[in-house]
Amino acid sequence: DDSCDTKTEWVSHVSRIRDAQDQAAFAELFQHFAPRIKAFLIKSGSDVTLAEECAQEVMATLWHKAHLFDPTRATVATWVFTIARNKRIDVLRKQRRPEPEELGWGPKAEPEQDDVLALQQETAQLRDALTALPEAQRQLIEKAYFGDLSHREIASQTGLPLGTIKSRIRLALDRLRHAMN
Amino acid sequence: MSNKIKHHLTDDLLMAYAAGSLPEAFDLMVATHLSLCDHCRARAESFDAIGGCVLQDQEASAGMSDGSLAATMAMIAKGAPIAKPSPPGCSVLPAPLRDYVGGDVNAIRWRSIGMGVKQAILPTTRDASARLLFIPAGAAVPDHSHHGTELTMVLQGAFSDEVDHFARGDVEIADEDLHHTPTADITEDCICLAVTDAPLKFSKLMPRLFQPFLRI
Ligand SMILES: [Zn+2]
Ligand SMILES: [Zn+2]
């Protein structure tokens with residue numbers, strides 16, 4: 001059931017894990033996200049067994065890092081994606097992943113509900129905009145996130161003309177930006 | 001956090017960083033810039049959000065194997081892996097760079113490459129290279145062009161070249177069309193992070209002879 005995605009429901013699941021080590025909340029998150037992480041990793045080139053293992057490790061990381069989740073900056077799905085992506089870099093590419101410095105804003109107060117809601121709504125809007133993209137553009141964006149394009153190709157996108165790929169992705173991003181304004 | 005950064009990362013780089021498809025040296029450049037630049041950090045978070053949408057849209061029908069939740073709970077019961085704390089420091093090098101150097105500026109092991117210019121190569125995967133560059137106040141890096149993409153970010157001081165003036169946090173993106181002579185401002189020694197996916201092409205004979213030894 002996708003109706004959960006646009007609500008702030010998963011946010012409270014993560015708080016329940018953070019505050020009360022709530023295993024029931026975790027089980028619901030697991031049921032929703034673990035198979036999606038597994039499917040994502042398989043499309044990124046992992047075999048089924050490794051994808052299953054990594055999906056479990058990603059969910060375990062979610063439990064251990066629940067106190068670091070900031071619902072004013074990311075939805076739970078976005079946060080899970082970043083953990084899964086880093087796992088993929090670590091396990092499939094055997095590479096370190098430099099992350100930006102933590103923002104030093106001191107001990108965190110409970111986030112403003114309005115900020116949490118605004119972020120959730122924006123992300124829902126982004127998801128609608130992605131779905132509405134022309135098929136060829138949407139597929140290229142997806143491929144880029146599965147790591148289907150070799151990193152040499154992506155790296156060359158930083159400076160060299162890559163014709164169709166580059167312009168399609170750019171078009172897609174323009175459309176997304178337009179939809180978000 | 002500075003609001004004065006004028007030269008930012010491209011969408012291509014930020015998207016590839018979010019997707020996790022850059023060479024390690026380029027990840028290090030992006031992470032270092034994001035540590036100094038709120039503007040690009042917010043843009044990077046938008047690219048993460050696209051990744052979140054892609055994840056949400058995956059088919060869940062294949063499912064997990066029986067007992068996978070129990071296996072995960074057992075994994076959790078073993079406790080969190082101990083995170084290695086970043087070496088402390090608050091001056092020149094942002095945290096991701098301190099992790100590679102093992103400290104702040106005074107921990108950098110410089111090697112002279114002539115004319116007062118020094119470099120320190122950072123340990124990354126070999127598909128691209130990352131190094132710190134030290135250019136004495138007023139000095140220049142020999143003029144050169146590039147085989148591939150070269151990103152240079154200022155960490156201390158500032159430099160100018162044929163394109164513009166670059167100060168702390170600014171990133172210059174050079175490609176094969178750019179032929180330049182970066183020159184440090186006279187007021188302060190300049191320290192930069194430079195990453196490239198190909199060796200530089202130096203115009204003068206001497207630097208070209210030395211290039212294989214210097215690994216730049
Ligand atoms: Zn920036
Ligand atoms: Zn250059």
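We name chains A, B, ... by the order of the sequence lines, and we start the count at 1 in each one.
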### Message
If I take atom OH from residue A:Y145 and atom SG from residue B:C53, how far apart are they, to the nearest 0.5 angstrom?
### Response
9.0 Å
### Query
Going by an N to O cut-off under 4.0 Å, is there a salt bridge joining A:R177 and B:D11?
yes
### Query
Which region of A:A39, side chain (C-beta onward) or backbone (N, CA, C, O), has a non-hydrogen atom less than 4.5 Å from a non-hydrogen atom of chain B, or is it both or neither?
both
### Task
Heavy atoms only: give me the nearest B:T72-A:A60 pair and the separation to one decimal.
CG2-N, 4.0 Å
### Query
Is it true that a side-chain atom of A:R36 and a backbone atom of B:Q56 form a donor plus acceptor pair closer than 3.5 Å?
yes
### Task
Against chain B, label A:I42 side chain, backbone, both or neither, depending on which of its atoms sit under 4.5 Å from a heavy atom there.
neither
#### Entry: Region of A:E57 that comes under 4.5 Å of a non-hydrogen atom in chain B
both
### Query
How far apart are the closest heavy atoms of B:G63 and A:P35, and which atoms are they?
CA-CB, 3.9 Å
### Task
Give the minimum heavy-atom separation between A:R170 and B:D12, together with the two atoms involved.
NH2-OD2, 3.3 Å
### Summary
Shortest non-hydrogen pair, B:M73 vs A:F26, comes out as SD-CD2, 3.5 Å
#### Entry: Residue A:F30 versus chain B: region with a heavy atom under 4.5 Å
side chain
### Task
Could you tell me which residues satisfy side-chain hydrogen bond (donor to acceptor under 3.5 Å, both in side chains) with A:Q23, sequence neighbours excluded, listed by chain and number?
none
### Task
Just do the side chain to side chain donor-acceptor pair (under 3.5 Å) check on A:K38 and B:Q58 with the steps written out, would you?
CA-CA 9 Å; A:K38 185 176 170 182; B:Q58 295 309 299; over 6 Å; no
### Task
Using a strict 4.0 Å threshold on nitrogen-to-oxygen distance, state whether B:D27 and A:R96 make a salt bridge.
no
### Task
Could you give me the CA-CA distance, side-chain angles and deciding distance for B:S65 and A:E52, then say whether side chain to side chain donor-acceptor pair (under 3.5 Å) is met?
CA-CA 8 Å; B:S65 60; A:E52 164 99 22; 2.7 Å; yes
### Message
For A:F81 versus B:L55, what's the shortest heavy-atom pair and its separation?
### Response
N-CD2, 3.8 Å
### Query
Of all of B:A49, B:S68, B:P94, which one pairs up most often with chain A through heavy atoms under 4.5 Å apart?
B:S68
## Note on the structure
Scored by heavy-atom pairs under 4.5 Å with chain A, the best of B:L97, B:L28, B:D177 is B:L28
### Task
Report the residue from A:R138, A:R127, A:K43 that forms a salt bridge (Lys or Arg N to Asp or Glu O under 4.0 Å) with B:D57.
A:R127
### Task
For B:E24 and A:Q95, indicate whether the former's side chain and the latter's backbone hold a donor-acceptor pair under 3.5 Å.
no
### Summary
Looking only at heavy atoms, the pair that brings B:A71 and A:Q56 closest together is CB-OE1, 3.5 Å
### Task
Check whether A:I141 gets within reach of chain B through its side chain, its backbone, both or neither, counting any heavy atom under 4.5 Å.
both
